[in-house]
There are 2 protein chains.
Amino acid sequence: MLTSKEKIIIAALNQFSRKGLFATRIQDIATEAGISQGLLYRYYKSKNEIYVDLIEDALDKMNEAVEGIASLNCGGREKLLNSIEGMYKTIEESDRYRQTSSLIAQAMGSEAIPQEAKDALKNKRDLPYQMFSKIIVQGQKEGTIIEGDSYDLAVLFWSTLNGLTIFRNTRDEKRPLPDKRFIANIFLKEKI
Amino acid sequence: MLTSKEKIIIAALNQFSRKGLFATRIQDIATEAGISQGLLYRYYKSKNEIYVDLIEDALDKMNEAVEGIASLNCGGREKLLNSIEGMYKTIEESDRYRQTSSLIAQAMGSEAIPQEAKDALKNKRDLPYQMFSKIIVQGQKEGTIIEGDSYDLAVLFWSTLNGLTIFRNTRDEKRPLPDKRFIANIFLKEKI
DNA sequence: TCATAAAATGAATGAAGATTCATTCACTAA
DNA sequence: TTAGTGAATGAATCTTCATTCATTTTATGA
């Protein structure tokens with residue numbers, strides 16, 4: 001049995017991910033959570049506070065996932081392939097990631113979100129680029145990944161995955177994503 | 001000298017692109033346009049109506065741009081290279097495109113926008129995929145573009161550009177985008 | 001110049017929705 | 001059984017807008 005606070009978090013993540021901070025009503029969250037409006041205020045000072053909590057959490061989850069991949073004890077090439085594999089599975093199968101990534105995408109595109117949410121974004125959004133940049137440098141040293149500015153390549157890598165995530169998130173018909181090898185071959189010296 | 005209606009459109013596009021439909025106040029638009037709140041209602045029935053107009057317009061503009069490229073009288077390879085070239089210039093230099101693409105991205109990510117805006121999105125968002133799919137088929141026939149499902153490749157192409165657009169739009173420091181050749185080489189048989 | 005219409009203003013209205021709080025409910029332990 | 005405590009409710013309050021409209025200003029043309 002979920003606690004009231006857990007119910008609130010689950011419902012709020014779903015509502016915010018679908019409608020954003022400003023179109024989501026406290027009543028929407030309460031109704032989905034199956035509790036009264038008033039109870040929500042025992043656990044959170046305001047709607048904004050729930051939102052900021054969720055944003056911070058979403059960014060942390062995303063960064064943990066990326067760090068998990070990068071800290072594998074293997075070659076840069078394998079880390080890259082593993083990242084693509086893992087991200088594809090996540091994008092295609094995880095409803096939680098759909099919510100998380102929609103939440104972050106919406107937040108990044110709005111200047112009206114609370115300052116705390118902006119701060120969290122500013123502090124945490126760049127970690128994936130840094131991690132993938134390191135992986136690419138490793139692969140370049142090992143001769144398995146193409147030459148080029150590693151941060152540029154990381155930007156291309158993560159932006160491509162984000163672009164595909166958004167494509168996937170915004171369609172009802174769940175067409176499979178393009179073959180992963182297309183993405184791998186952007187970066188690998190020896191194509192697969 | 002701009003007409004009042006033009007001032008409203010310019011101000012609304014800017015406000016909506018930065019804050020979205022629900023966090024933008026009529027007063028914000030009026031103030032930026034340098035007119036009174038009341039005047040706005042001489043030209044539009046409601047805030048939603050302005051928004052829907054802008055969304056339809058943004059989608060049309062984007063589709064016209066894509067069609068312009070695809071109807072060039074040249075090979076598929078050249079069309080593809082030309083598209084990348086054109087999109088890069090647009091992404092990096094056009095403030096109008098920043099607004100337009102932010103507006104569309106926000107709209108795509110929200111279930112709370114007006115039904116008319118949803119309809120416009122549903123009807124118009126797929127044209128780029130179709131156009132690029134055709135270009136890819138042409139290039140495949142000509143032997144200049146790699147094999148593979150053309151729609152899949154179009155999804156990858158347009159998603160990648162969208163991902164880079166969002167990256168660019170959400171940073172203040174305007175780092176140049178990754179070398180265009182990385183993107184071209186995803187699709188070209190003979191690499192550049 | 002003056003009459004008329006169009007453009008523009010901004011205060012008033014009303015609705016929606018966030019937050020508060022007095023009250024009730026459910027459980028625990030003495 | 002009952003006093004005490006935290007959980008939960010939902011009606012009432014208070015604020016923030018979108019929208020309206022009576023009034024004023026500006027432009028037009030006879």
Side-chain angles (χ1 to χ4, degrees), chain A residues 1-56 103 106-107 109-118, chain B residues 1-57 103 106-107 109-118 120:
Chain A
M1 178 47 177
L2 297 170
T3 66
S4 291
K5 184 159 188 181
E6 286 164 342
K7 288 193 235 167
I8 293 169
I9 289 172
I10 292 168
L13 176 58
N14 190 42
Q15 291 288 323
F16 285 143
S17 74
R18 293 181 184 282
K19 302 189 296 199
L21 170 58
F22 303 102
T24 296
R25 307 293 156 223
I26 282 286
Q27 183 60 66
D28 300 336
I29 298 172
T31 300
E32 180 172 332
I35 62 168
S36 64
Q37 288 191 58
L39 185 55
L40 222 140
Y41 288 87
R42 282 189 66 80
Y43 299 101
Y44 290 96
K45 233 193 327 288
S46 65
K47 183 170 84 157
N48 277 5
E49 192 180 87
I50 308 176
Y51 184 77
V52 171
D53 259 27
L54 286 174
I55 287 283
E56 287 174 347
L103 192 72
Q106 285 193 344
S110 170
E111 295 182 4
I113 57 172
Q115 186 58 44
E116 293 95 320
K118 286 189 196 172
Chain B
M1 179 46 179
L2 296 170
T3 66
S4 290
K5 185 161 186 180
E6 286 165 341
K7 286 193 235 167
I8 292 168
I9 289 172
I10 292 168
L13 176 57
N14 190 43
Q15 291 287 322
F16 285 143
S17 74
R18 293 181 184 283
K19 301 187 298 199
L21 170 58
F22 303 102
T24 297
R25 308 292 155 225
I26 282 287
Q27 182 61 65
D28 300 336
I29 298 172
T31 300
E32 181 174 331
I35 62 169
S36 65
Q37 286 190 59
L39 185 56
L40 222 138
Y41 288 88
R42 282 188 66 79
Y43 299 100
Y44 289 96
K45 234 195 325 290
S46 66
K47 184 171 83 158
N48 277 6
E49 192 179 88
I50 308 175
Y51 184 77
V52 171
D53 259 27
L54 287 174
I55 288 283
E56 287 174 346
D57 220 59
L103 191 72
Q106 285 192 343
S110 171
E111 295 182 4
I113 56 172
Q115 187 57 45
E116 293 97 319
K118 286 188 195 171

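To find a chain, count down the sequence lines: A is the first, B the second, and so on, and within it residues start at 1.
For A:Ser36, the side chain to side chain contact (heavy atoms under 4.5 Å, CB included) partners two or more places apart in sequence, or in a different chain, are A:Leu39. Here B:Tyr41 pairs with B:Ile26 under the side chain to side chain contact (heavy atoms under 4.5 Å, CB included) rule; sequence neighbours left out. Qualifying side chain to side chain contact (heavy atoms under 4.5 Å, CB included) partners for B:Leu54, counting only residues two or more places apart in sequence or in other chains: B:Ile9, B:Ala12, B:Leu13, B:Phe16, B:Ile50, B:Leu103. Remark: A:Arg18 pairs with A:Asn14, B:Glu111 by the side chain to side chain donor-acceptor pair (under 3.5 Å) rule, at least two apart or across chains. For the side chain to side chain donor-acceptor pair (under 3.5 Å) test, no residue two or more places apart in sequence or in another chain qualifies with B:Asn48.
Atom CD in A:Gln37 sits about 13 Å away from atom C1' in D:dT13, given to the nearest Å. Between the NZ atom of B:Lys45 and the C1' atom of D:dT20 there is a distance of 15 Å, given to the nearest Å. One interatomic measurement links the two molecules: CG of B:Leu40 to P of D:dT20, which rounds to 12 Å at whole-angstrom precision. Computed from coordinates, the B:Arg42 CZ to C:dG10 C1' distance equals 15 Å when rounded to whole Å.
A salt bridge (Lys or Arg N to Asp or Glu O under 4.0 Å) check over residues 1-16 of chain A, counting only residues at least two apart or in different chains, returns nothing. Each salt bridge (Lys or Arg N to Asp or Glu O under 4.0 Å) pair with one or both residues in residues 22-39 of chain B, not counting sequence neighbours, appears once here: B:Lys19-B:Asp28.
Within the 4.0 Å cut-off from OP1 or OP2 of C:dA18, not a single side-chain nitrogen or oxygen of A:Ser46 is found. Taking only side-chain nitrogens and oxygens, A:Ser4 never comes nearer than 4.0 Å to OP1 or OP2 of D:dA7.
Across all strands shown, B:Tyr44 has no heavy atoms under 4.0 Å from either base or sugar-phosphate atoms.
Residues A:Leu21 and A:Pro114 share a closest heavy-atom pair of CD2-CD, 3.6 Å.
A heavy atom closer than 4.0 Å to some atom of DNA chain D occurs in B:Thr24, B:Arg25, B:Ile26, these being the qualifying members of residues 20-30 of chain B.
For the atom pair B:Ile55 CD1 and B:Lys118 NZ, the distance stands at 12.5 Å (nearest 0.5 Å). The OG1 atom of A:Thr31 lies 7.5 Å from the CD atom of A:Gln37; values are rounded to the nearest 0.5 Å.
Each end of the helix from C:dT1-D:dA30 to C:dA30-D:dT1 gets its own axis, taken as the rotation carrying the C1' atoms of four end pairs onto the next four within a five-pair window, and the two axes meet at 0° to the nearest 10 degrees.
Side chain of B:Gln106 to backbone of B:Gly20: a donor-acceptor contact under 3.5 angstrom is found.
Distance from the side chain of B:Ser36 is smallest for C:dT9 among the nucleotides C:dA7, C:dT9, D:dG6.
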Using atom names, set out every protein N or O paired with an N or O of nucleotides 21-28 of chain C below 3.5 Å, distance rounded to 0.1 Å.
none

